[in-house]
Protein chains: 2
Amino acid sequence: MTDPDHSPSQAPTEPCTEAARGPGRPRSEASRQAILTAAYELLQEKPLPEITSAALAKRAGVSKATLYRWWSSKEAIVLDGYFDAIEHRFPPPATDDPMADLRSHLRDAYSMMGGPDGRIFASLVASGNFHEKLREALNEQLNSPRCRDTQKLLVRAVEAGRLAPALDLELCTELIWGPAFFRLMTGAPIEDDLADRVLGMLVCGLGTKA
Amino acid sequence: MTDPDHSPSQAPTEPCTEAARGPGRPRSEASRQAILTAAYELLQEKPLPEITSAALAKRAGVSKATLYRWWSSKEAIVLDGYFDAIEHRFPPPATDDPMADLRSHLRDAYSMMGGPDGRIFASLVASGNFHEKLREALNEQLNSPRCRDTQKLLVRAVEAGRLAPALDLELCTELIWGPAFFRLMTGAPIEDDLADRVLGMLVCGLGTKA
DNA sequence: CATTTTCGAAACGATCAGTTTCGTTTCGAT
DNA sequence: ATCGAAACGAAACTGATCGTTTCGAAAATG
C-alpha cells in the first residue's frame, strides 16, 4: 500500500555548512553553489512541480546522486536555492520617519511580489500546501521574518503617534499582506502603485469619516 | 496521434442534464453523480495531487475510461465535484441593514474558509498555480462571483451612508478577503471571530482617530 | 601513498495520467 | 421485438518522472 512516505530515513538535509574536519575528500563547494544556482534558475523558468531532479542535476552539471547526498528532496534543494538567491534583499528601512519606512517597506515587498520572484514565491507557497516541510520552512524563513519586520515598523509608527495605539499587530500585518497573497494566488497582476493604495485605504479606513 | 483537442476543455463539464437526444445508450446519470461524489469525498481526505484517477474511478465504481470520456483531466473532474457540492451554499444575505449583511456575508465566507471546505479550497487554489485551466475555472466560477457579491454589499453600504463614498471596490474586496487567503496559504487557522475583527479594523482604519 | 569521501553514469522499481482495446450492456428508434 | 449506436467495465498499455541505489573512478587529506 502506498503510505505517505514522509522520508522514513532521517533527512541528511544537514548540509554541514562548516568544512569537513575529518579525513577524506571534502564536499565540493563548487557543486553546492552550482546546484543552488541551477535551482534558482529553473525556478525562474518553470513552477516547482515541473522542475525535475534530472533537469536540476543536468543544469548544475552534477549527478542526481550528488543532489540526494546533500538534500532530502527536490523541494529542499529548490527552497535552498531560492533562499540563497534572495537572502540579502530588501533590508527593512530605518529612517527617522516611521510612516515613510512603512511605505517603503511595503513598496519593496509588493514590488518583489509583482515581479518574477513573486511568481516563484507563489509557486513555493502553493507547493507548501502539499508539503508540510516546505510550508514550514517557508513560514519560518520567509513569511514570519517579513511579518516581524512589518510589525516592528508598525510599532514604531504607533509610538510616533502616526497610527492608532493598541493595534492588533498580527491582524494589521495580514491586512497589509493580504491583497498581495490574494493576487498572487488568483493570478492577478500586482501593479506598482498597489502598495500605496493598500496602505492608504488601510490607514484611512472604509468607514465614513466622522 | 488522434486529435488531441478532444473537446474544448470545460465543455463536457456540464453534461446533458436531460436525456441524450441521439441514438445509442444514454449517459449514466448514476455514474456521473457517483464520480462527482467520489471526487468531493476524496478531496476531503487528501489534497488534489494525491488523488489519483484510479482511486477516483474505484471510489465511484466506474472505470477510468468513463472518467476520461466525460472529463478532460483529473483536475476537471475534481473541480466539478467541488462545485457540485458547494454550489448552493451561502447565498448573499439581503436584509435591510447593509452593514449587517456585509458582516454576515463575511462571517459565512470566513467560516467556510476555516473549515474542511476551506482546506479543499486552499488545495485547489494552490493547484491553480500549476494548471492555468484550473485557476481560470476557479476564478470564474468561485472567486469572481464571490467578490461580486462582496462588492454589491459594499455598494449598498456606501449608498446607505455607512461606508465612505468613492471607495475602490476592487481593493476593498481584496483587503476583505486578503487575510483569509493569507492564512489559508500559510496554513494558519481561521478563527470564528476573524471575520468580525477584519471588518472592524478595516472600517475604522489604522490611522489615529481624528 | 593510503585512506576517505565525493562524483558521474546508469540502472532500478515504483507511480501516475491518460489512452486504447475489447467484449458487454443499455436504451431509443424502427 | 429487434437492431444498432453509443456507454460501460476491466485491464493492458504508453510514456513519463520520481526518489534511490550501485559501482568504479577521481580527488583531497594526513
Side-chain angles (χ1 to χ4, degrees), chain A residues 1-13 15-16 19-35 42 46-78 127 130-131 133, chain B residues 1-7 9 12 15-16 18-35 38-39 42 46-78 127 130-131 133-134:
Chain A
M1 283 303 278
T2 59
D3 104 328
D5 53 344
H6 284 87
S7 59
S9 55
Q10 183 44 293
T13 314
C16 45
R21 341 174 187 295
R25 178 180 177 175
R27 176 181 185 184
S28 163
E29 174 61 19
S31 288
R32 194 188 74 92
Q33 260 306 325
I35 291 166
L42 286 172
K46 47 181 84 168
L48 195 153
E50 286 173 26
I51 297 176
T52 69
S53 59
L56 199 44
K58 186 177 181 185
R59 175 77 59 109
V62 303
S63 79
K64 285 197 287 180
T66 304
L67 262 39
Y68 287 104
R69 190 178 311 280
W70 295 104
W71 286 272
S72 60
S73 69
K74 179 184 71 168
E75 285 76 20
I77 302 171
V78 159
S127 298
F130 315 122
H131 304 279
K133 281 257 158 79
Chain B
M1 227 167 177
T2 47
D3 184 6
D5 188 23
H6 254 293
S7 39
S9 60
C16 38
E18 307 304 318
R21 14 186 168 291
R25 178 178 177 177
R27 177 180 185 182
S28 163
E29 174 60 20
S31 288
R32 195 190 73 92
Q33 261 306 326
I35 291 166
L42 286 172
K46 47 181 83 169
L48 194 151
E50 286 173 25
I51 297 177
T52 68
S53 59
L56 199 43
K58 185 178 180 186
R59 174 78 59 109
V62 304
S63 78
K64 283 200 291 177
T66 303
L67 261 39
Y68 288 102
R69 191 180 310 280
W70 297 105
W71 286 273
S72 60
S73 69
K74 179 183 72 166
E75 285 76 20
I77 303 171
V78 159
S127 298
F130 315 122
H131 304 277
K133 282 259 159 78
L134 176 55

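Given the structure is predicted, the values throughout are model-derived calculations rather than measurements. Numbers restart at 1 for each chain; the letters A, B, ... are given by sequence-line order, proteins then strands.
Distance B:Arg32 CZ to D:dC8 P: 12 Å, rounded to the nearest Å. One interatomic measurement links the two molecules: NE2 of A:His131 to C1' of D:dG19, which rounds to 13 Å at whole-angstrom precision. Distance A:Lys74 NZ to D:dA16 C1': 13 Å, rounded to the nearest Å. Rounded to an integer number of Å, the gap from B:Arg25 CZ to D:dG4 P is 18 Å. Spacing between atom CZ of A:Arg69 and atom C1' of C:dC7 amounts to 7 Å, rounded to whole angstrom units. Between the P atom of C:dA17 and the CZ atom of B:Phe130 lies a distance of 16 Å, rounded to the nearest Å. Taking atom OH of residue B:Tyr68 and atom P of nucleotide C:dC16, one finds them 12 Å apart after rounding to whole Å. Between the CD atom of A:Glu29 and the C1' atom of D:dA27 there is a distance of 17 Å, given to the nearest Å.
Considering OG of A:Ser53 and NZ of A:Lys58, their distance stands at 13.0 Å, rounded to 0.5 Å. Distance NE2/A:His131 to OG/A:Ser73: 7.5 Å, rounded to 0.5 Å.
For A:Ala65, counting side-chain heavy atoms from C-beta on, the closest listed nucleotide (C:dG8, D:dT20, D:dC8) is C:dG8.
In this structure, A:Leu67 reaches neither bases nor backbone, as no heavy-atom distance under 4.0 Å exists between it and the strands shown. The residue B:Ala57 sits apart from the nucleic acid: no heavy atom pair falls under 4.0 Å. Residue B:Leu56 is out of contact with every strand shown, counting any heavy-atom pair closer than 4.0 Å.
The shortest non-hydrogen separation linking B:Leu48 to B:Leu134 is CD1-CD2, 4.3 Å.
Between A:Trp70 and C:dC7 there is a side-chain polar atom (N or O) within less than 4.0 angstrom of OP1 or OP2. Note on A:Ser28: a side-chain N or O is less than 4.0 Å away from OP1 or OP2 of C:dC7. Contact annotation: A:Ser31 does not reach the phosphate of C:dT6 (side-chain N/O to OP1 or OP2, under 4.0 Å). Here A:Ser53 reaches the OP1 or OP2 of D:dG19: one of its side-chain N or O atoms lies under 4.0 Å away. Put simply, A:Thr66 has a side-chain N or O that comes within less than 4.0 Å of OP1 or OP2 on C:dG8.
Cation-pi contact between B:Arg32 and B:Trp70: absent, since separation from the ring centre below 6.0 Å together with deviation from the ring axis within 45° is not met.
Checking side-chain atoms of A:Lys74 against main-chain N and O of A:Ile51 turns up a donor-acceptor pair under 3.5 Å.
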